[in-house]
J.: 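Sharing a structure with you now.
Keep in mind that this is a model prediction, so the values were computed, not measured. Note that these values count all heavy atoms, side chains included, but never hydrogens, waters or copies made by symmetry.
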Amino acid sequence: SDNTYTTAQIITMETKILTCLEFKILSATPHVFVRRFQDAGNVDDEVVQLSNYLCELTLLEYTFIKFEPSMIAASAVALALWTAECTPWSRTLEHFSGFKLGDLTECLEQMLNLFIESGTGHLQAVRDKYA
């Protein structure tokens with residue numbers, strides 16, 4: 001705003017930074033983790049679909065920004081297992097996620113509320129994608 005740098009100078013500096021980082025700039029999302037947890041839990045297709053859906057729902061909710069992506073993913077798998085009446089959160093999932101079920105309580109509660117409300121909200125694209 002104070003015209004300290006020209007557009008060309010900014011682009012040159014951005015290029016230098018990206019080159020130094022070897023263009024390795026990635027923001028981890030819950031989807032990075034959820035696949036690993038699904039594999040570790042050897043879950044069925046229903047749980048895979050539901051946990052993916054739950055993760056995607058959280059991307060639209062600002063309140064989930066306070067949770068680490070790995071916690072959101074673990075909560076999604078745990079809630080999907082519970083909803084599908086499958087084997088509950090196991091020691092294997094605890095090992096691979098680093099979370100005990102009790103660690104997920106706050107995130108799980110918010111995710112459950114989001115899941116319950118997902119059928120009545122005005123943003124239905126995510127629900128329709130997984131329907």
Side-chain angles (χ1 to χ4, degrees):
S1 66
D2 60 3
N3 297 318
T4 304
Y5 300 101
T6 67
T7 302
Q9 288 173 315
I10 292 171
I11 291 172
T12 299
M13 184 53 69
E14 286 178 350
T15 303
K16 286 180 181 180
I17 292 169
L18 289 170
T19 301
C20 193
L21 294 172
E22 297 176 349
F23 286 82
K24 294 179 182 173
I25 50 173
L26 175 69
S27 177
T29 67
H31 288 288
V32 173
F33 297 95
V34 77
R35 185 70 197 151
R36 181 167 194 237
F37 302 158
Q38 291 165 346
D39 289 343
N42 195 28
V43 299
D44 63 23
D45 289 342
E46 180 183 7
V47 173
V48 168
Q49 285 291 94
L50 184 53
S51 55
N52 288 342
Y53 171 68
L54 292 166
C55 281
E56 201 157 327
L57 279 179
T58 66
L59 294 175
L60 302 173
E61 287 295 322
Y62 181 75
T63 56
F64 282 86
I65 199 146
K66 66 183 174 184
F67 301 114
E68 293 292 328
S70 57
M71 178 175 279
I72 293 171
S75 297
V77 171
L79 183 54
L81 286 168
W82 178 77
T83 302
E85 298 178 349
C86 294
T87 305
W89 194 249
S90 65
R91 286 187 178 264
T92 301
L93 284 166
E94 188 176 297
H95 170 77
F96 279 94
S97 71
F99 296 107
K100 294 182 179 187
L101 194 55
D103 300 333
L104 305 174
T105 304
E106 183 182 0
C107 188
L108 272 169
E109 287 174 354
Q110 287 188 27
M111 190 176 288
L112 177 59
N113 289 332
L114 181 63
F115 182 41
I116 291 167
E117 294 169 2
S118 67
T120 60
H122 66 287
L123 298 173
Q124 295 299 309
V126 175
R127 191 193 72 186
D128 293 345
K129 177 180 173 181
Y130 289 92

J.: CD/Gln38 to CG/Leu81 distance, rounded to the nearest 0.5 angstrom?
T.: 9.5 Å
J.: Taking a hydrophobic cluster as the set of Ile, Leu, Val, Met, Phe, Trp and Tyr residues connected by side-chain heavy atoms closer than 4.5 Å, whether directly or through intermediates, do Phe96 and Leu108 fall within one such cluster?
T.: no
J.: Tell me whether Tyr62 at atom OH has more than 12 heavy atoms from other residues, nucleotides or ligands lying less than 6.0 Å away.
T.: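 No, not enclosed.
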J.: Nearest 0.5 Å, what's the OG1-CG distance between Thr87 and Leu93?
T.: 9.5 Å
J.: Are Val32 and Val77 grouped together when hydrophobic residues (ILVMFWY) are joined by side-chain heavy atoms under 4.5 angstrom apart?
T.: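 Yes.
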J.: Supply the atom-to-atom distance Ser118 OG to Glu56 CD, rounded to the nearest 0.5 angstrom.
T.: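 Separation between the atoms: 12.0 Å.
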J.: Mark yes when over 12 heavy atoms from residues, nucleotides or ligands other than Glu85 sit less than 6.0 Å from its CD; otherwise mark no.
T.: no
J.: For residues Ala28 and Phe33, report the shortest heavy-atom separation together with the two atoms involved.
T.: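 Closest approach of Ala28 to Phe33: CB-CE1, 4.0 Å.
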J.: More than 12 foreign heavy atoms under 6.0 Å from CG of Leu21: is that the case here?
T.: yes
J.: Would you check if Pro69 and Thr29 make a side-chain contact, meaning some heavy-atom pair closer than 4.5 Å?
T.: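 Side chain of Pro69 against side chain of Thr29, heavy atoms only: no contact under 4.5 Å found.
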J.: List the atom of Ala78, the atom of Leu104, and the distance in Å for their closest heavy-atom pair.
T.: CB-CD1, 4.4 Å
J.: Roughly how far, to the nearest 0.5 Å, is CD of Glu14 from CD1 of Ile17?
T.: 7.0 Å
J.: Treat each ILVMFWY residue as a node, draw an edge where side-chain heavy atoms are under 4.5 Å apart, and state whether Ile116 and Leu50 are in one component.
T.: yes
J.: Is any side-chain heavy atom of His31 closer than 4.5 Å to a side-chain heavy atom of Val34?
T.: yes
J.: Under 4.5 Å between side-chain heavy atoms, counting indirect links through other Ile/Leu/Val/Met/Phe/Trp/Tyr residues: same cluster for Met13 and Leu18 or not?
T.: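 Result: yes, single cluster for both.
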J.: Show the numbers, then the answer: is there a side-chain contact (heavy atoms from CB on, under 4.5 Å) between Ser97 and Trp89?
T.: CA-CA 11 Å; Ser97 71; Trp89 194 249; 3.2 Å; yes
J.: Could you check whether any side-chain heavy atom of Phe115 comes within less than 4.5 Å of a side-chain heavy atom of Thr83, counting everything from C-beta outward?
T.: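 Yes, close enough: below the 4.5 Å cut-off.
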J.: What is the distance from atom CD of Gln110 to atom CG of Leu112, rounded to the nearest 0.5 Å?
T.: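 Those atoms lie 11.0 Å apart.
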J.: Working to the nearest 0.5 angstrom, can you tell me the gap between Ile65 CD1 and Thr58 OG1?
T.: 10.5 Å
J.: Looking at every non-hydrogen atom in both residues, tell me the closest pair between Cys86 and Val47 and how far apart they are.
T.: SG-CG2, 3.7 Å
J.: What's the verdict on side-chain contact (heavy atoms from CB on, under 4.5 Å) for Phe99 and Ser70, showing C-alpha distance, side-chain angles and the deciding distance?
T.: CA-CA 9 Å; Phe99 296 107; Ser70 57; 3.7 Å; yes
J.: Could you work out, with ring pair (Phe, Tyr, Trp, His ring centres under 6.0 Å) as the rule, every residue matching Phe67, not counting sequence neighbours?
T.: Phe64
J.: Considering non-hydrogen atoms only, spot the tightest contact between Ser51 and Ala80 and give its length.
T.: N-CB, 3.7 Å
J.: If you apply the rule side-chain contact (heavy atoms from CB on, under 4.5 Å), what do you find for Leu114 with Leu60, and how did you get there?
T.: CA-CA 10 Å; Leu114 181 63; Leu60 302 173; over 6 Å; no
J.: So which atom in Met111 and which in Leu79 form the shortest heavy-atom distance, rounded to 0.1 Å?
T.: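 Here Met111 and Leu79 meet closest at CG-CD2, 3.8 Å.
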J.: Compare every heavy atom of Ile10 with every heavy atom of Tyr5, then report the nearest pair and how far apart it is.
T.: CB-CG1, 4.0 Å
J.: Determine which pairs satisfy salt bridge (Lys or Arg N to Asp or Glu O under 4.0 Å) with at least one residue from residues 27-54, sequence neighbours left out, and list them in order.
T.: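 Salt bridge (Lys or Arg N to Asp or Glu O under 4.0 Å) check on residues 27-54 returns Arg35-Asp39.
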J.: Would you say that Glu117 contacts Glu61 through its side chain, given a criterion of any heavy-atom pair below 4.5 Å between the two side chains?
T.: no
